[in-house]
Amino acid sequence: MMPPMSDPKATASAFPDSTDPFALDEPAPPSPAAAPEAPWLAGLNPEQRAAVTTTEGPVLVLSGAGTGKTRVLTARLAQILGGRLAQPWQILAVTFTNRAAREMRERVAALIGPPAESVWLGTFHAIAVRILRRHAELVGLKSNFTILDTDDQMRLLKQVMEGERVDTKTWPAQALMAAIQHWKDRGITPDKVGSDGEGGNEGDGGKPATIYRLYQERLLTLNACDFGDLLLHTLTLFLTHPEVLARYQDQFHYILVDEYQDTNLAQYLWLRLLAQGRRNICCVGDDDQSIYSWRGAEIGNILKFESDFPGARVIRLESNYRSTPHILAAASHLIAHNAGRLGKTLRPGLANADQGRAIQIHGVRDGEAEARLVVGEIEKRVALGEKLASMAVLVRAGFQTREFEERLITTAIPYRVVGGPRFYERAEIRDALAYLRLVSSPDNGLAFERIINLPRRGLGEATLHVIHGAARAGNVSLFEAARQLTVTDELKPRARSALGRFVADVDRWRSMLGGVDHRDLATTILDESGYVDMWRNDKSPEAPGRVENLRELVAGLEEFDDLDSFLDHVALVMENDAQAGGDRVVLMTLHGAKGLEFDTVFLPGWEEGVFPHARALDQSGESGLEEERRLAYVGLTRARRRVTITFAANRRIYGQWQNALPSRFLDELPEDNVERHNETGLYAGGAAEWGGSGRWDEEAVWRRPAAERQTAPAATSWKAAARPGAAVKAGDRIHHDKFGPGTVHMVDGDKLVIAFDHAGVKKVLAGFVTPA
DNA sequence: GATAATCCGGTTTTT
DNA sequence: CCGGATTATC
């Protein structure tokens, strides 16, 4: 337990909640005259205090960037626990990422000590697993079900598709998977598909829905779940077993939700069911930072909170303690261009904050010049004594980091790219995990298939096919079937003996479970299977790294008591690679930067087509544009002191040079808070330099031609912009003899990508269409 | 059953 | 232009 700290500014509190949180630990009678203020309330502004102390009833905390969201969340937990309003296990606190969950747990533990351990605090998925394991049989699973990762999901889906003879031309596995996930995001089980007009209306006889149903059946047979299922099954559980729901409604006196703007429909329903018990739900979020609609997040959830929870109190946190007034003004002005927001304006939280520097906007000739400029600025900052780690380059898409990396390498500046392939996603790790899974549970068919011929054992498709047949016929697992086949004559001698060795190996490793330290066991398995040797003998440049990764995997086992607890953990917590320490510039995507902050932020690639990304606009039109704008807002608000935005007039995309127009977002920044600079002769040649504050240096050259502005619709792609001479351009309405009316999405030479009103998106030759 | 040829596509990402 | 994935060929 923490010692009660004395609060220097324990003045008479305007919030007379004042139950002494430490009364039970300190038998001394509380002195009513000077009730010391709870330590977690110290230093909070009035809005933050309200958000912390309004514990009863539904509360929506609209928390702008840099307004102390995490602080409020943890203080609120401390308020409930410290004030003895509930026991730790009666609190449910959900986050989206493990990182956020861990951070919150640490901070609450620092405030109120060990009781923090017992709070139901975790990601939506982790909490769902916890509930689901207890009641698995009620939804047709066993409590030791395995959780599939995306790779396994895909394989399973492909199997189902093969069985159904699905034409992969009309229904690519990816598209079906997307459809299935989309259903799951909205809490739609296979039996509900179509009943509400969802799916099955694509003129395809409901094929996707059929696949969905079969896929779910396969998952149940395998005693497995994909990520979406964790929520979906819990939802089903709650809906079909009211007594179970009632139990949790009863248990959770207080519910806290972080990043509420990122919840999807399934999560929303899940929360609403649980909250119906005590109605003490507090959701914290920022509609202006909703950037995940493409993976199912419903910004509507946060927009309609008040109508969902009548009598809800809405608290706005608008005092920003992070950025300079210049940055705040620019970000606020930009985001004000969005319709459909709850409305919030960031204001400087510190009264005497210095203005800081205006946002610097640089136009350059091409991507290389852009990288040179940014890295040059980084060097200047370093010369002034700024740490590399306080500077970040935030890009729209991952591939954009490449040019900066090259420049940073040539200038020998250490950097770190955040968000590459994650550790667990690497093939060698997944293979190794499959070995461990198979040893842990031999019935795991997916693990079996993954490694049966890895390293090569001469057990290819043909053998696997026989095993599949035997498994089906005998209604046993693949591994069991394999075992049986080693004593029959169905396989050729070669395959038979190879298979025999494999089965014997797995059996032997399995017999060592529990007897041997699990780390040694893992080492043994990877050695004896020949898997490590496979990579050692591999000549490819990345092979040594893979061997190293395997070593790391085994080292990581140390933190766990046994293999099973490790495997369960791995499925849910897919940690990023250990981040190499040291003072390094950070390169990452805007999405990855959410929640982080830096002194100096570089925002390159502000060009139409790149940012806002053409695809976002094509797919979702105006709402897509608004999400891109929120992304820009997220980028700007990451900076504490300095922002530099750059854009290039020419850029090489897929090996081809394209010219690009400055992003429309640049026009949406307030002149008072920016300084614009551009290279000589960017778009025409002979442009004047260094015009002066708040003005484009050469207006006529700079500004997008008026004609182009009008004809360029929201969906203009950069390719279209690069071909002004083409007869047909993006956004045009056309008619096709066979497919009917449609809208041109992209012009690629003489090929057009057209979204037909009735026939879907198709690629056709320009000669076959006529202007509508 | 393994390698070579070819085709396609190409934001954002957590769990 | 590049890399992954599917297909063609030995």
Side-chain angles (χ1 to χ4, degrees), chain A residues 94-101 122-129 147-150 153-154 158 168-169 172-174 178 181 184-185 225-232 258-259 262-264 266-267 290-297 394-402 418-422 424-425 427 453 456-465 492 494-495 498 568-576 588-595 605 609-620 624 627-628 630-632 634-635 652-658 717-719 746 748 751 753 763:
Chain A
V94 277
T95 63
F96 271 85
T97 65
N98 290 298
R99 192 180 84 192
T123 63
F124 274 100
H125 297 266
I127 303 274
V129 171
I147 301 160
L148 303 186
D149 54 46
T150 38
Q153 291 172 36
M154 210 53 182
K158 281 178 179 165
T168 52
K169 289 280 193 295
Q174 268 190 350
Q181 250 151 23
K184 291 188 176 180
D185 283 345
C225 276
D226 66 17
F227 284 113
D229 283 340
L230 297 176
L231 286 157
L232 194 64
D258 190 17
E259 305 278 18
D262 288 340
T263 49
N264 62 34
Q267 287 158 339
S290 165
I291 54 175
Y292 285 112
S293 74
W294 48 273
R295 68 180 197 211
L394 308 181
V395 296
R396 171 68 241 263
F399 68 86
Q400 290 177 267
T401 60
R402 213 198 69 233
V418 178
R422 259 149 293 147
Y424 72 96
E425 274 176 355
N453 202 27
R456 301 262 139 83
R457 298 186 175 91
L459 299 170
E461 248 175 82
T463 311
L464 192 57
H465 193 252
K492 298 198 180 108
R494 271 178 94 106
D568 208 27
H569 171 85
V570 152
L572 276 181
V573 182
M574 299 152 163
E575 290 291 344
N576 255 335
M588 65 176 137
T589 63
L590 288 161
H591 283 92
K594 194 169 117 189
V610 177
F611 189 43
H613 201 282
R615 230 167 148 131
L617 272 41
D618 284 352
Q619 280 170 10
S620 329
E627 182 149 318
E628 296 286 292
R630 291 192 290 270
L631 207 45
V634 167
R652 197 157 66 169
I653 309 271
Y654 308 141
Q656 289 217 279
W657 282 99
Q658 309 279 171
S717 77
W718 67 67
K719 286 197 175 180
M746 198 193 288
D748 179 14
K751 290 188 279 296
V753 176
K763 197 179 275 189

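All of these numbers come straight from a predicted model, not from anything done at the bench.
- OP1 or OP2 of B:dT13 has at least one side-chain nitrogen or oxygen of A:Thr589 nearer than 4.0 Å.
- When heavy atoms are screened at a 4.0 angstrom cut-off, A:Gly228 is found touching no nucleic acid atom at all.
- The nucleotide whose nearest atom lies closest to any side-chain atom of A:Trp294 is, among C:dC1, B:dA2, B:dT12, B:dT12.
- As judged by a 4.0 angstrom heavy-atom cut-off over every strand, A:Ala616 is placed among the base-contacting residues.
- The side chain of A:Thr150 sits closest to B:dT15 out of B:dT15, B:dT13, B:dA2.
- Side-chain N or O atoms of A:Glu628 include none that pairs as donor or acceptor with a backbone N or O of A:Ala616 at under 3.5 Å.
- Note: CD (A:Glu627) to C1' (B:dT12) measures 9 Å, nearest angstrom.
- Between the side chain of A:Asn264 and the backbone N or O of A:Gln267, at least one donor-acceptor pair lies under 3.5 Å.
- Ring geometry for A:Trp294 versus A:His591: interplanar angle over 60°, hence perpendicular rather than tilted (30 to 60°).
- For A:Arg402 and A:Phe399, the positive end is not near the middle of the six-membered ring at less than 6.0 Å and at most 45° from its axis.
- Here the separation of B:dT12 from C:dA5, taken at their P atoms, is 16 Å to the nearest Å.
- At least one donor-acceptor pair closer than 3.5 Å links the side chain of A:Asn453 to the backbone N or O of A:Gly458.
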Quick one: which protein N/O atoms are closer than 3.5 Å to N/O atoms of nucleotides 6-8 of chain C? Pair and distance per line, please.
residue: C:dT6; atom: OP1; partner: A:Lys158; partner atom: NZ; Å: 3.1

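- Under the stacking definition used here (centres under 5.5 Å, planes under 30°), the residue A:His613 qualifies as stacked on the base of B:dT11.
- Backbone-only contact: A:Thr463 has heavy atoms under 4.0 Å from sugar-phosphate atoms and none from a base.
- Across the protein-nucleic acid pair, A:Arg615 atom CZ and B:dT11 atom P stand 6 Å apart, rounded to whole Å.
- Rounded to an integer number of Å, the gap from A:Asp226 CG to B:dT13 P is 21 Å.
- Every residue meeting the side-chain hydrogen bond (donor to acceptor under 3.5 Å, both in side chains) condition with A:Asp226, not counting sequence neighbours, appears here in chain and number order: A:Lys184, A:Tyr215.
- Atom C1' of nucleotide C:dG3 and atom CZ of A:Arg402 are separated by 13 Å, given to the nearest angstrom.
- No engagement by A:Gln174 is indicated, since no non-hydrogen atom pair under 4.0 Å with the nucleic acid exists.
- With sequence neighbours excluded, no residue forms a side-chain hydrogen bond (donor to acceptor under 3.5 Å, both in side chains) with A:Arg494.
- In this structure, the CG atom of A:Leu148 is 13 Å from the C1' atom of B:dT15, given to the nearest Å.
- Remark: A:Asn98 is in phosphate contact with B:dT15, judged by side-chain N or O atoms under 4.0 Å from OP1 or OP2.
- Take the nearest nucleotide of DNA chain B for A:Thr97 and for A:Ala397: the residue whose nucleotide is more 5' is A:Ala397.
- Contact annotation: A:Tyr654 side-chain N/O to B:dT11 OP1/OP2 distance is under 4.0 Å.
- Considering A:Leu230, A:Thr123, A:Leu231 in turn, A:Leu230 is the only one that fulfils the side chain to side chain contact (heavy atoms under 4.5 Å, CB included) rule with A:Val129.
- Distance from the side chain of A:Asn453 is smallest to B:dA2 among B:dT15, B:dA2, B:dT13.
- Taking each heavy atom of A:Pro612 and A:Leu617 in turn, the nearest pair found is CB-CD1, 3.8 Å.
- Rounded to a whole Å, the CD atom of A:Gln153 is 15 Å from the P atom of B:dT14.
- The distance between atom CZ of A:Phe124 and atom C1' of B:dT13, rounded to the nearest whole Å, is 16 Å.
- Across the protein-nucleic acid pair, A:Arg396 atom CZ and B:dG10 atom C1' stand 14 Å apart, rounded to whole Å.
- For B:dA2, one of the phosphate oxygens OP1 or OP2 lies less than 4.0 angstrom from a side-chain nitrogen or oxygen of A:Arg456.
- Heavy atoms of A:Arg652 sit nowhere under 4.0 angstrom from any nucleic acid atom.
- B:dT11 and C:dG4 have their P atoms separated by 15 Å, with the value rounded to a whole Å.
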